[in-house]
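Structure, as structure tokens:
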Amino acid sequence: MNAPESLRKDSLYLAETHEVFNVACDLVDYNLYLQDAALQEAVRREGAGWAHDDLAAFGAMLGAADYLELGVLANRHPPELDTHDRFGNRADLVRFHPAYHTLMKTSIEHGLHASPWSDPGSGAHVARAARVYLHSQVEAGHQCPVTMTFAAVPSLRTTPRLASLWEPKITARVYDPRNVPDADKRGLTIGMAMTEKQGGSDVRANTTRAFPVGAAQGPGEAYELVGHKYFVSAPMCDAFLALAQAPDGLSCFLMPRWSPDGSRNALQVLRLKRKMGNVSNASSETELRGALAWMVGEEGRGVRTIIEMVAMTRFDCMVGSASGQRAAVAQALHHCSLRSAFGKVLNEQPLMRNVLADLALESEGSVALTMRIARALDHRDDEHEDLLVRLCTAVGKYWICKRTPGHAYESMECIGGSGVMEDSPFPRLFRESPVNAIWEGSGNVQCLDVLRAMQKTPAVVGAFFTELAKARGANAALDRYVAALQKEFGDLADLEYRARDVVDRMALALQAALLVQHAPAAVADAFCASRLAASGHHNYGALPRGVDCAAIVARATPRA
Ligand SMILES: Cc1cc2nc3c(=O)[nH]c(=O)nc-3n(C[C@H](O)[C@H](O)[C@H](O)COP(=O)(O)OP(=O)(O)OC[C@H]3O[C@@H](n4cnc5c(N)ncnc54)[C@H](O)[C@@H]3O)c2cc1C
């Protein structure tokens with residue numbers, strides 16, 4: 001006998017209303033290194049093939065679901081500042097979620113903060129850059145203090161007295177987040193304090209003053225700093241390289257968080273910035289109320305001294321943004337390999353394939369350029385390599401960082417509506433995407449730096465075209481493009497006004513030259529046909545006819 005109508009409806013309401021199908025799954029439990037052919041090839045090519053096994057193990061660890069979750073947690077629970085303790089004493093203490101500390105510990109124990117200094121040698125920068133590239137895909141924010149610690153070493157070395165005291169603990173593979181004097185720690189991290197309210201790019205406008213403590217002045221001597229610093233990221237670092245006006249002009253200083261007598265240094269954290277991205281990383285506003293600091297480099301040569309650090313942080317911006325592009329396109333490729341629409345898996349729909357291939361090309365161009373500069377860093381004793389570092393760090397920082405927001409957005413669109421949701425990886429990738437372009441010298445500042453390098457060291461131009469010439473004859477479009485670019489350097493009128501256009505083209509020429517020499521033909525030909533064509537490359541997904549999109553997509557797609 002049939003149940004009455006009302007009863008049948010009730011049981012239907014209790015059952016699932018629908019089956020969940022045609023959806024993707026989390027991209028987890030995969031090897032970030034072994035699933036990245038472009039990175040592996042670049043590592044081998046640029047001189048760090050010896051690191052393969054280590055990178056493969058690192059890539060497996062990072063790709064585990066539990067490890068990837070750390071990146072989510074470190075951003076879901078932002079750092080908090082206690083300016084005072086509950087009794088009213090100054091505390092200047094930033095508290096982080098344990099996930100942040102785990103990420104920091106991994107970075108430091110794997111040498112992301114120092115390996116080229118502690119273990120120099122052929123491929124040292126390349127291997128480190130690959131590790132940073134991989135780990136930043138898990139979480140980008142904590143990389144800020146890791147980068148600053150790494151970058152501080154060349155500046156510190158300008159003053160051997162300070163370097164001999166500090167470098168061993170800076171380069172030690174020990175993460176010690178305790179809020180105690182540096183003397184009580186075995187491992188130290190370093191931040192940077194340049195930017196003030198009235199000027200970030202133009203640090204010569206700094207008003208923070210430095211007063212000698214004793215009769216002695218100059219490198220290694222003690223000063224007291226008075227002023228403010230409007231952006232000080234990672235304020236729990238053990239010391240900061242800071243700029244201040246000494247009697248003989250703007251100078252660089254090493255300012256510890258604790259004084260050698262075990263008291264708190266007069267460096268107060270006023271508040272943490274409320275940032276749209278880079279959330280796991282604390283960035284603060286600080287007051288220096290007679291903070292003890294030692295001069296680094298010559299008095300009055302502060303910019304010259306700290307630029308050694310800035311050059312390295314700019315390089316890491318390239319690595320970080322290239323990593324952001326890989327993280328985004330990996331998600332897009334993964335999703336589109338599992339989701340169907342209109343009767344076909346998305347990555348088989350011709351137009352989506354065009355978009356995915358185009359995003360993969362962008363990412364591949366970025367990693368090729370980044371790893372080429374890493375190799376140049378490994379060989380600075382070679383004049384050509386040194387000139388490339390000087391010019392092309394600015395070119396690459398400008399171009400790769402600036403291309404990343406559009407790339408992140410387009411990758412998000414591949415996911416559809418769920419890509420916009422906070423429980424997808426994309427809001428974090430997207431909010432992170434403009435940061436590298438803006439800090440450590442914004443876009444225009446990088447372009448002006450390219451011009452400055454060309455004016456101060458004209459040989460950089462020759463080195464740049466020598467590098468491009470390695471690809472001559474391999475692709476007719478590239479040959480034409482380089483010839484046209486060369487003409488720009490014959491006409492120096494309005495070069496400042498035209499700098500973005502020229503630097504854009506320099507970056508594309510360099511990426512294309514690298515891909516033409518080293519990437520599979522499908523990648524290199526498509527890159528040149530789309531990026532170097534006279535018609536321009538306005539949106540992703542506009543690759544011309546004849547491109548082997550399926551091959552490009554297959555090469556780039558990570559498999560769990
Ligand atoms: C998340 C975050 C963390 C940061 N952490 C730190 C930190 O730890 N330590 C630190 O010292 N700083 C830090 N900064 C500051 C950062 O380095 C500066 O914001 C940056 O250098 C730009 O300076 P500004 O904000 O004063 O902008 P401005 O210098 O005012 O520049 C504004 C715009 O003008 C352009 N511009 C400047 N000069 C020229 C010119 N001559 N011609 C054409 N265009 C020009 C710039 O490219 C930029 O687009 C951080 C910033 C961010 C966003």
Side-chain angles (χ1 to χ4, degrees), residues 75 78-79 94 140-152 155 189-208 225 227-244 250 252-253 255 257 267 269-286 288 302-303 305-307 309-314 316-317 320-321 324 394 397-399 401-402 404-405 428 431-452 455 494-503:
N75 286 275
V94 180
H142 86 283
Q143 183 58 37
C144 173
V146 175
T147 286
M148 292 192 292
T149 303
F150 161 70
S155 288
T189 53
I190 306 292
M192 109 204 280
M194 297 192 296
T195 308
E196 298 184 0
K197 290 172 188 166
Q198 70 282 359
S201 310
D202 185 6
V203 290
R204 286 187 168 79
N206 274 193
T207 60
T208 295
L225 309 191
H228 78 281
K229 290 291 170 183
Y230 198 43
F231 281 88
V232 179
S233 287
M236 287 295 100
C237 284
D238 297 287
F240 304 85
L241 285 190
L243 290 179
L250 191 68
C252 180
F253 296 88
M255 175 173 64
R257 212 153 51 72
L267 156 65
V269 183
L270 299 187
R271 65 169 179 162
L272 296 188
K273 299 278 196 189
R274 292 190 294 159
K275 294 178 288 182
M276 63 160 277
N278 200 247
V279 169
S280 67
N281 176 34
S283 298
S284 68
E285 295 172 12
T286 62
L288 316 184
V303 173
T305 305
I306 211 161
I307 206 76
M309 177 175 191
V310 171
M312 290 294 121
T313 59
R314 287 178 178 172
D316 265 19
C317 287
S321 288
K397 198 277 189 187
Y398 165 71
W399 177 254
C401 297
K402 196 161 276 302
T404 301
R428 176 150 62 97
R431 284 196 290 253
E432 194 68 37
S433 64
V435 175
N436 281 329
I438 293 173
W439 67 13
E440 302 306 325
S442 311
N444 288 354
V445 171
Q446 296 309 308
C447 293
L448 295 175
D449 195 41
V450 170
L451 301 193
R452 192 173 308 113
Q455 276 150 12
D494 298 329
L495 197 52
E496 185 169 332
Y497 176 75
R498 294 184 287 121
R500 279 200 181 209
D501 177 51
V502 171
V503 179

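Just so you know, ligand 1 is whichever comes first in the structure, and atom 1 is the first atom listed for that ligand.
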Residues lining ligand 1 [heavy-atom distance under 4.0 Å, listed by chain and residue number]: M192, A193, M194, T195, G199, G200, S201, F231, V232, S233, K275, S283, I438, W439, E440, S442, N444, V445, L448
Side chain of E432, backbone of N278: donor and acceptor closer than 3.5 Å? yes
Does any N or O in the side chain of K397 come within less than 3.5 Å of the main-chain N or O of N436, such that one atom is a donor and the other an acceptor? yes
Checking the side chain of S283 only, and the main-chain atoms of K273 only, is there a donor and an acceptor separated by less than 3.5 Å? no
With a 4.5 Å cut-off on side-chain heavy atoms, are V503 and Q446 touching? no
Looking at V303, T305, I306, which hits side chain to side chain contact (heavy atoms under 4.5 Å, CB included) with L250? V303
Would you call E285-R271 a salt bridge at under 4.0 Å N-O? yes
